[in-house]
Novice: 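Sharing a structure with you now.
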2 protein chains.
Amino acid sequence: MTARTSTDNARDIPEATVARLPVYLRALVGLAEAGTATCSSEELAAAAGVNSAKLRKDLSHLGSYGTRGVGYDVEYLRYQIAREIGVTQDWPVVIVGIGNLGHALANYSGFRSRGFRVVALLDADPERHDELVAGIDVRPFDDLEEIVEDQGVAIGVIATPAIAAQDVADRMVAAGVTSILNFAPTVLSVPDGVDVRKVDLSIELQILAYHVQRKAGGTVADDFDRLHDEEVTA
Amino acid sequence: MTARTSTDNARDIPEATVARLPVYLRALVGLAEAGTATCSSEELAAAAGVNSAKLRKDLSHLGSYGTRGVGYDVEYLRYQIAREIGVTQDWPVVIVGIGNLGHALANYSGFRSRGFRVVALLDADPERHDELVAGIDVRPFDDLEEIVEDQGVAIGVIATPAIAAQDVADRMVAAGVTSILNFAPTVLSVPDGVDVRKVDLSIELQILAYHVQRKAGGTVADDFDRLHDEEVTA
DNA sequence: CCGAGTTTGTTCTCCCGTTCACAAACTCCT
DNA sequence: AGGAGTTTGTGAACGGGAGAACAAACTCGG
């Protein structure tokens, strides 16, 4: 039952679980570096910031990698999760749009240490070409197809202004990219089978703002707004 | 029924809806700039990348701002959503950690245009002090408490290395910050009543990698891993 | 004024994810 | 060897969100 072959369907892991596996992986790396050989679901859950029941259920989707009465072998579980996610070897990644954010992403050491290798930086602006960023020179956007094919790139990162993002996405998809991480504040439309994840900085802040406002019971200006609203709708 | 007072509970909006309101707001701004005065739920849903039934249900949590047979007034709905989120006026924000990412965040124009004002950039490294970033000079981290109090800052952004993030969070909370946007790849522990949202770049990539691997049916190296696994567990 | 067409707001059903609680399985001590 | 203590893996109950479907409410043309 715990033996997994390439034909059984033990691999359809719930999306919510997939999103947490990288967190567990990070926590396990931390425990390993601290010299911990074994940990209980309680400890790992604490390190990952989740509830232990949820952790155990998540891990149960991968197989039975723990030992009752003992816990989990840190190194073994770390490897199994890395394998499940697919980061036992590096994925080549291209970043398009080398503005402030693109710079930061290119220099982010976490990519390299967590299973990703930036193979190219592209920008449409000729002024940026041949500039060295993080030891990689910036190339023309038109080199995209060549790079994707030569390096077998499946994952693209979009860090352009919103206006350019859809065009970049279209070109990426046409070139063979199947997964896109989009930092541009716009909705991308892509064909079925292409995954898009979006990171929108101001949306995150706006969500926080909503909760601050709730906690505070509304600001002075908002009280005015609400009063005005009542007068109008009453 | 649609009249809302400060005592009724029309304000407890589902979390999933809150997370989408900023997307609708952005879509409405786009429509307004394109000169559209009125739009149907179908149009707005398309612009926001969601299903129209979901959009209507989301909006129904705010009140009855549409007109049957007609649709929504773009400007009116835009204002109502902005008010609900709380971005009718600017929120002061402080950014801690002015490395590559901090630079990018400080320069990000989307903050200013979407209801946020960066009032201070802080860094523990004296080498960075008095450097001008986006027209704001970088100040010592120890100025945090003074700035939070003077400017009434409720939202803090952490863009430090992981090792420093928990300390920064503790100081922020002690100073009076109630909401934190965390870019450091670590789990923050904060008291009840403090909101934390996290943005982890390599986690997003890892989630994409998982799906790429699934689509591809596993890489060569992974096939080896799986074969090895069968030999061991069989 | 009335009927046809349009679009919202809401109800109902289904599904996914979370949490509780406990049996199964292991270790350790006597 | 056996019992006490520990920890995993999972079955079951529960809650929230997604989507379909429809009644209510509006516009427009005659």
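Proteins come first, then strands; the chains are lettered A, B, ... in the order of their sequence lines, and each starts at number 1.
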Novice: Heavy atoms within less than 4.0 Å of DNA chain D: which residues of residues 50-59 of chain A have one? Give them sorted by number.
Specialist: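 Within residues 50-59 of chain A, the residues near DNA chain D are A:R56, A:K57.
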Novice: Can you list, by residue number, the residues of residues 36-43 of chain A that have a non-hydrogen atom closer than 4.0 angstrom to DNA chain D?
Specialist: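 Heavy-atom contacts with DNA chain D come from A:S40, A:S41.
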Novice: What are the residues of residues 190-198 of chain B, sorted by number, that bring a heavy atom to within less than 4.0 Å of DNA chain D?
Specialist: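 None, since no heavy atom is under 4.0 Å.
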Novice: Taking side chain as C-beta onward, heavy atoms only, is B:R171 less than 4.5 Å from B:V168?
Specialist: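 When only atoms from C-beta onward are counted, B:V168 and B:R171 do not touch, as no gap falls below 4.5 Å.
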Novice: What is the distance, to the nearest angstrom, from the CG atom on A:D12 to the C1' atom on C:dG17?
Specialist: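 My rounded result for the distance is 15 Å.
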Novice: Measuring from atom CD1 of B:I85 to atom CH2 of B:W91, what distance do you get when rounded to the nearest 0.5 angstrom?
Specialist: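 The CD1 atom of B:I85 sits 11.5 Å away from the CH2 atom of B:W91.
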Novice: Got a sec, which residues hit side chain to side chain donor-acceptor pair (under 3.5 Å) with A:D170, two or more places apart in sequence or on another chain?
Specialist: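 A:D170 satisfies side chain to side chain donor-acceptor pair (under 3.5 Å) with A:Q166 once adjacent residues are dropped.
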Novice: In terms of heavy-atom contacts, does CZ of B:R117 have more than 12 from other residues, nucleotides or ligands at under 6.0 Å?
Specialist: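 Correct, the count exceeds 12.
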Novice: Using whole Å, report how far NE2 of A:H61 lies from C1' of D:dT10.
Specialist: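 Between C1' of D:dT10 and NE2 of A:H61: 10 Å.
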Novice: Give the B/S/- string for nucleotides 25-30 of chain C, one per nucleotide from 5' to 3', where a protein heavy atom under 4.0 Å of the base yields B, of only the sugar-phosphate yields S, and otherwise -.
Specialist: BBS---
Novice: Roughly, in whole Å, what's the span from CZ in A:R20 to P in C:dC16?
Specialist: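 Between P of C:dC16 and CZ of A:R20: 15 Å.
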Novice: Please report the distance, rounded to the nearest Å, between CG in A:D73 and C1' in D:dT8.
Specialist: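 Value for this atom pair: 15 Å.
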Novice: Can you tell me how far P of C:dG17 sits from CD of B:E15, to the nearest Å?
Specialist: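 Whole-Å distance recorded here is 17 Å.
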Novice: Can you sort out the partners of B:T186 under side chain to side chain donor-acceptor pair (under 3.5 Å), two or more places apart, ordered by chain and number?
Specialist: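 Once residues adjacent in sequence are excluded, B:T186 has no partner under the side chain to side chain donor-acceptor pair (under 3.5 Å) criterion.
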Novice: Closest approach of B:G156 and B:V177, non-hydrogen atoms and distance?
Specialist: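 Shortest heavy-atom contact: N-CG1, 3.7 Å.
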Novice: What residues, two or more places apart in sequence or in another chain, satisfy side chain to side chain contact (heavy atoms under 4.5 Å, CB included) together with B:A154?
Specialist: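 With neighbours one apart ignored, the set is A:V212, B:T178.
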Novice: Any side-chain N or O of A:Y65 under 4.0 Å from OP1/OP2 of D:dT7?
Specialist: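 No, A:Y65 has no side-chain N/O under 4.0 Å of OP1/OP2 on D:dT7.
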Novice: Quick one: list whatever passes side chain to side chain donor-acceptor pair (under 3.5 Å) with B:N100, sequence neighbours left out.
Specialist: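 Once residues adjacent in sequence are excluded, B:N100 has no partner under the side chain to side chain donor-acceptor pair (under 3.5 Å) criterion.
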Novice: Which residues pass the salt bridge (Lys or Arg N to Asp or Glu O under 4.0 Å) test with A:R114, not counting sequence neighbours?
Specialist: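 Counting only residues at least two positions away or on another chain, A:R114 forms no salt bridge (Lys or Arg N to Asp or Glu O under 4.0 Å).
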Novice: Whole angstrom is fine here: how far is it from CD1 in A:I13 over to C1' in C:dG17?
Specialist: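 The answer, rounded to whole Å, is 15 Å.
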Novice: Excluding sequence neighbours, so at least two apart, what forms side chain to side chain contact (heavy atoms under 4.5 Å, CB included) with B:E204?
Specialist: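 With neighbours one apart ignored, the set is A:L181, A:R197, A:V199.
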Novice: Tell me every residue that passes side chain to side chain contact (heavy atoms under 4.5 Å, CB included) with A:S52, counting only those two or more places apart in sequence or in another chain.
Specialist: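 Partners of A:S52 by the side chain to side chain contact (heavy atoms under 4.5 Å, CB included) criterion, ordered by chain and then number, come out as A:S41, A:E42, A:A45, A:R56.
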Novice: Using only atom types and a distance under 3.5 Å, with no angle test, would you say the side chain of A:Q213 pairs donor to acceptor with the backbone of B:R83?
Specialist: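 Yes, because the side chain of A:Q213 sits within donor-acceptor range (under 3.5 Å) of the backbone of B:R83.
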Novice: Please name all residues satisfying side chain to side chain donor-acceptor pair (under 3.5 Å) with A:S40, sequence neighbours left out, ordered by chain then number.
Specialist: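 If we apply the side chain to side chain donor-acceptor pair (under 3.5 Å) test to A:S40, skipping adjacent residues, the hits are A:E43.
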